[in-house]
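What follows is a short report on a single structure.
All residue numbers refer to positions in the sequence shown, counting from 1.
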Amino acid sequence: MNLRAASPTAADPFGAHLRHWRQHRRLSQLDLAQEADVSTRHLSYVETGRAAPSREMVLRLAERLEVPLRERNALLVAAGFAPMYRQRSLDDPALRPARRAVDLVLKGHEPFPALAVDRHWNLVAHNAVVPLLMAGASAELLKPPVNVLRLSLHPDGLAPRIANLAQWRAHLLERLQQQIAATGDATLTALHDELAAYPVGIACHDAPSAGGELAGVVVPFQLATPNGLLSFISTTTIFGTPVDVTLQELAVESFFPADAQTAAALAALTPAAP
């Protein structure tokens, strides 16, 4: 399954990068020219390499095309300018306040599970509840970096214990496809193809209907555990207006109990803080 055309390389000229993103967003040169307030002729010249863009124009075009920060850096470099957005590890001292904020969100969400992932869904951080839910998964899948989507849908991961596997699988694949459409990331495309090839399996025999009060509102995550069936709804939190590549690509996934039984089970699993 090919969800996008091949991306230009670092050696390709700016025009190739611009054409890639314009076509990825399904815009004509006229459409982009109007949105970026430039002449169609000049945009055509820039795309074909007959004219060089200014730094301001590169950033304006990237903004109109909603290009992620990592790829905006690539556009700037291809046009002959220095990268604008820094990319640092979350453990970098400059990002210490951001890391502290993430840790506070994760810890504050206990006794419910919450985790932080990077742009490829690799686990960056988690609270104390998450390992309890991952118990029983293959040791191979738990080796860093842990990809939470692979862990969820792999037959040796959580998949056999997900009561509404077909529904949850479809939900995750749709989210991933939307992310690919937004970022054009080849690694995510490969991950999508890998996950889509996993067997769907069957729902746990004692699983209730995945509908109920949540039908048509959210897709629940239903996990069979020794403490009974746990049912969650999830939310995603991202940093607002980040100017750092790492922060733009970081997401916190928080899971909330979808019923009283789940809330009680999690409260019993997690000892109260002294």
Review point. Arg60 side chain to Arg55 main-chain N or O, any donor-acceptor pair under 3.5 Å?
Key: no
Review point. If only atom types and distance count, is the side chain of Asn164 paired as donor or acceptor with the main-chain N or O of Pro220 below 3.5 Å?
Key: yes
Check your understanding: Stepwise, does the side chain to side chain contact (heavy atoms under 4.5 Å, CB included) test hold for Val38 with Leu32?
Key -> CA-CA 8 Å; Val38 298; Leu32 180 56; over 6 Å; no
Check your understanding: Under 3.5 Å, is there a donor-acceptor pair between the side chain of Asn73 and the main chain of Met84?
Key -> yes
Exercise for review: May I ask you to check whether over 12 heavy atoms, not counting those of Arg88, lie within 6.0 Å of atom CZ?
Suggested key: yes
Exercise for review: First locate atom CG of Leu230, then atom CD of Gln222, and finally report the distance between them rounded to the nearest 0.5 Å.
Suggested key: 10.5 Å
Point to revise | Side chain proximity check, Thr246 to Phe239, heavy atoms < 4.5 angstrom | key: no
Point to revise | Side-chain donor or acceptor of Arg70 paired with backbone N/O of Val245 under 3.5 Å | key: no
Check your understanding: For Arg86, does the CZ atom have more than 12 heavy-atom neighbours from other residues, nucleotides or ligands under 6.0 Å away?
Key -> no
**Study point:** Beyond-backbone contact of Thr183 with Arg119, side-chain heavy atoms, under 4.5 angstrom
**Key:** no
Check your understanding: With a 4.5 Å limit on heavy-atom distance, are the side chains of Leu269 and Thr225 in contact?
Key -> no
Practice item. Evaluate the side chain to side chain contact (heavy atoms under 4.5 Å, CB included) criterion for residues His192 and Ile180: first the C-alpha distance (whole Å), next the side-chain angles of each, then the deciding distance (0.1 Å), finally the verdict. Key: CA-CA 9 Å; His192 181 282; Ile180 292 167; 3.9 Å; yes
Point to revise | Check: Phe112 and Ser254 side chains under 4.5 Å, non-hydrogen atoms | key: no
Practice item. I would like to know whether Leu65 and Leu18 meet side chain to side chain contact (heavy atoms under 4.5 Å, CB included); could you show each step before the answer? Key: CA-CA 9 Å; Leu65 290 168; Leu18 177 60; 3.8 Å; yes
Check your understanding: In Å, rounded to the nearest 0.5 Å, how long is the span from OG1 of Thr48 to CZ of Arg19?
Key -> 8.0 Å
Check your understanding: Parallel, tilted or perpendicular: which fits the ring planes of Trp168 and His171, with parallel below 30° and perpendicular above 60°?
Key -> tilted
Point to revise | Steps toward side chain to side chain contact (heavy atoms under 4.5 Å, CB included) verdict (Thr236, Arg175) | key: CA-CA 12 Å; Thr236 303; Arg175 282 189 64 180; 3.2 Å; yes
Practice item. Establish whether Val252 and Phe221 are linked, either directly or via other cluster members, by ILVMFWY side-chain heavy-atom contacts under 4.5 Å. Key: no
Review point. Are side-chain N/O atoms of Asp12 and Thr9 paired as donor and acceptor at under 3.5 Å?
Key: yes
Point to revise | same_hphob_cluster(Val146, Leu188) at 4.5 Å side-chain heavy-atom cutoff | key: yes
Check your understanding: Counting only heavy atoms not in Glu56, do more than 12 fall under 6.0 Å of its CD?
Key -> yes
Practice item. Taking the side chain as every heavy atom from C-beta outward, state whether Leu76 and Leu59 have any pair of such atoms under 4.5 Å apart. Key: yes
**Study point:** Any Leu61 side-chain heavy atom under 4.5 Å of Pro53 side chain
**Key:** no
Check your understanding: Does the ring centre of Phe255 sit less than 6.0 Å away from the ring centre of His109?
Key -> no
Review point. What do you reckon, is CD1 of Ile238 surrounded by more than 12 foreign heavy atoms closer than 6.0 Å?
Key: no
Exercise for review: Could you tell me whether a side-chain N or O of Ser44 sits under 3.5 Å from a main-chain N or O of Thr40, the two making a donor and an acceptor?
Suggested key: no
Practice item. Determine, using the 4.5 Å side-chain heavy-atom cutoff (strictly less than), whether Leu90 and Tyr85 are members of one ILVMFWY cluster. Key: no
Point to revise | Student check: side-chain heavy atoms of Asp185 and Gln179 closer than 4.5 Å | key: no
Check your understanding: Are any non-hydrogen side-chain atoms of Arg72 and Glu63 less than 4.5 angstrom apart?
Key -> yes
